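Report on the following structure.
This is a predicted model, so every value here is computed, not measured.
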Amino acid sequence: MQEEIEIQSEDSLHEVPENYTRYLIFSMNDESFAIRSDLVTEIANDFQIYLLPFVPNYVCGLINQQGNPFVVVDPMVMMKQKAQNSNMLIIINNNEQTNDVAENLCIKISDILDFFDIRQEDLLELKDEKDGVCFSATLDWNGKMVNVIDYIKILEKMEKDFCME
C-alpha cells in the first residue's frame, strides 16, 4: 500500500532550517533508504530503459533524459539482494553536466516516502565497508535507522567493475 506524502505548501518544501540538510527518504523493495535531496534532479517514472550487453547485473541499462544518456543502477542487486520490480528512478544531479555516461546516474527505487531534515552532526558515519555497499552513513528517521546512499561509491564501484582508468 502506497502512502501519500502530505506537503503543507510549496514554500515549506524549500525551507531547510539553518545547519540542517534535507534528505529524500525512499524505499527499495521493502527497505527504507535516504539520499541528500540536493543531489536529486528528478524523480521519474516509466522511462524506457535500453538494455546493455556485457555489463554487471546491477546495471539495468540506459535512459535518455533530455538528450543525455543516464546509467540506471539497481542498488539492491549491487547489495546482492532481490532486484526491484519498479520503473521509478531518482536521477542524480550531475553538477558538471557532462555527457560522460559514467557520471550520469539514475538509481532505481520502489517508492517515495518522505522529505526529512537532519543536522549533519546527527548522521552516523559508516566506517566498516563491505564489497558492493553503497552507503556513507545512517540516519534516524522517525525511530527507524535508514542507510544513506552515497552515489560516489556507486560510481566508484562501476568504475572498478568496468575497469575504467
Side-chain angles (χ1 to χ4, degrees), residues 1-3 5 22-116 123-141 144-165:
M1 184 171 142
Q2 183 176 354
E3 284 185 54
I5 301 170
R22 179 158 291 157
Y23 283 82
L24 171 64
I25 310 295
F26 59 93
S27 66
M28 293 190 294
N29 293 337
D30 293 327
E31 296 182 49
S32 299
F33 297 90
I35 191 166
R36 280 190 5 233
S37 66
D38 64 330
L39 296 175
V40 177
T41 299
E42 184 177 341
I43 299 167
N45 203 6
D46 291 331
F47 264 87
Q48 179 175 354
I49 299 174
Y50 298 94
L51 301 178
L52 296 172
F54 312 114
V55 295
N57 62 346
Y58 59 84
V59 175
C60 304
L62 291 175
I63 64 164
N64 178 0
Q65 198 259 354
Q66 298 178 359
N68 294 312
F70 281 76
V71 175
V72 179
V73 172
D74 186 341
M76 296 305 283
V77 176
M78 186 178 277
M79 296 181 293
K80 300 178 181 7
Q81 295 187 27
K82 181 181 168 195
Q84 297 176 78
N85 187 21
S86 170
N87 291 325
M88 190 174 287
L89 305 171
I90 293 176
I91 299 175
I92 303 297
N93 183 11
N94 178 357
N95 289 329
E96 278 110 48
Q97 297 299 315
T98 67
N99 280 331
D100 185 354
V101 175
E103 295 180 10
N104 291 342
L105 181 68
C106 294
I107 297 173
K108 196 171 191 181
I109 66 170
S110 299
D111 200 4
I112 300 297
L113 302 176
D114 198 3
F115 286 93
F116 183 72
L123 289 175
L124 301 171
E125 299 294 322
L126 296 177
K127 307 265 189 243
D128 186 24
E129 304 245 355
K130 295 179 183 174
D131 187 41
V133 176
C134 50
F135 309 119
S136 59
T138 60
L139 60 81
D140 182 347
W141 172 59
K144 181 178 184 179
M145 296 310 288
V146 174
N147 287 318
V148 177
I149 297 279
D150 185 341
Y151 85 98
I152 297 295
K153 289 184 179 183
I154 294 174
L155 290 174
E156 288 170 350
K157 176 155 179 53
M158 287 174 54
E159 182 175 346
K160 178 183 163 197
D161 291 347
F162 282 101
C163 299
M164 291 188 221
E165 298 201 12

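- The OG atom of Ser86 lies 8.0 Å from the CG atom of Asp111; values are rounded to the nearest 0.5 Å.
- Residues satisfying the side chain to side chain donor-acceptor pair (under 3.5 Å) test with Glu156, not counting sequence neighbours, are none.
- Between Ile90 and Ile149 the shortest side-chain heavy-atom distance does not fall below 4.5 Å.
- Side-chain contact between Phe26 and Met88 is absent, with no heavy atoms from C-beta onward closer than 4.5 Å.
- In terms of modelled atom types and a separation under 3.5 Å, the side chain of Ser110 and the main chain of Asn29 share a donor-acceptor contact.
- Screening residues 28-51 for ring pair (Phe, Tyr, Trp, His ring centres under 6.0 Å) gives Phe33-Phe135 as the qualifying pairs, with residues at least two apart or on separate chains.
- Taken from CD1 in Ile109 to CD1 in Ile43, the straight-line distance is 6.0 Å, to the nearest 0.5 Å.
- Contact between Lys153 and Cys134 at its shortest, heavy atoms only, is CB-CA, 4.2 Å.
- When all heavy atoms are compared, the tightest approach of Gly61 to Ile49 is CA-CG2, 3.8 Å.
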Determine, stepwise, if the pair Tyr58 / Met79 fulfils side chain to side chain contact (heavy atoms under 4.5 Å, CB included). CA-CA 9 Å; Tyr58 59 84; Met79 296 181 293; over 6 Å; no
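- Contact check for Ile25 versus Leu139: side-chain heavy atoms found under the 4.5 Å cut-off.
- Residues passing the side-chain contact (heavy atoms from CB on, under 4.5 Å) test with Leu124, sequence neighbours excluded: Thr138, Met145.
- Remark: Ser136 pairs with no residue by the side chain to side chain donor-acceptor pair (under 3.5 Å) rule, at least two apart or across chains.
- With sequence neighbours excluded, no residue satisfies side chain to side chain donor-acceptor pair (under 3.5 Å) with Asp150.
- Here the side chains of Ile92 and Thr41 are not in contact, with every heavy-atom distance at 4.5 Å or above.
- A 4.5 Å side-chain heavy-atom check between Leu24 and Ile112 finds at least one atom pair inside the cut-off.
- Applying the side-chain contact (heavy atoms from CB on, under 4.5 Å) rule to Asp46 yields the partners Asn87; only residues at least two apart in sequence or on another chain are considered.
- Counting all heavy atoms, side chain and backbone alike, Cys106 lies closest to Ile63 at SG-CD1, 3.5 Å.
- If you take CG on Leu89 and CG on Asn45, they are separated by 7.5 Å, rounding to the nearest 0.5 Å.
- A heavy-atom distance below 4.5 Å is found between the side chains of Val55 and Phe162.
- You'll find the side chain of Met28 stays beyond 4.5 Å of the side chain of Gln81, heavy atoms only.
- For the atom pair Ile91 CD1 and Leu105 CG, the distance stands at 10.0 Å (nearest 0.5 Å).
- With sequence neighbours left out, Asn64 forms a side-chain contact (heavy atoms from CB on, under 4.5 Å) with no residue at all.
- Rounding to the nearest 0.5 Å places CE of Met78 at 7.0 Å from CG of Asp161.
- Using a 4.5 Å heavy-atom cutoff, the side chains of Phe116 and Val146 are not in contact.
- In terms of heavy atoms, Pro75 sits closest to Ile107 at CG-CG2, 3.4 Å.
- The closest donor-acceptor contact from the side chain of Asp74 to the backbone of Cys60 lies at 3.5 Å or more, if one exists at all.
- Note that the CE atom of Met76 and the CG atom of Asn85 stand 13.0 Å from one another [nearest 0.5 Å].
- The side chain to side chain donor-acceptor pair (under 3.5 Å) test applied to Glu42 returns Gln65, not counting sequence neighbours.
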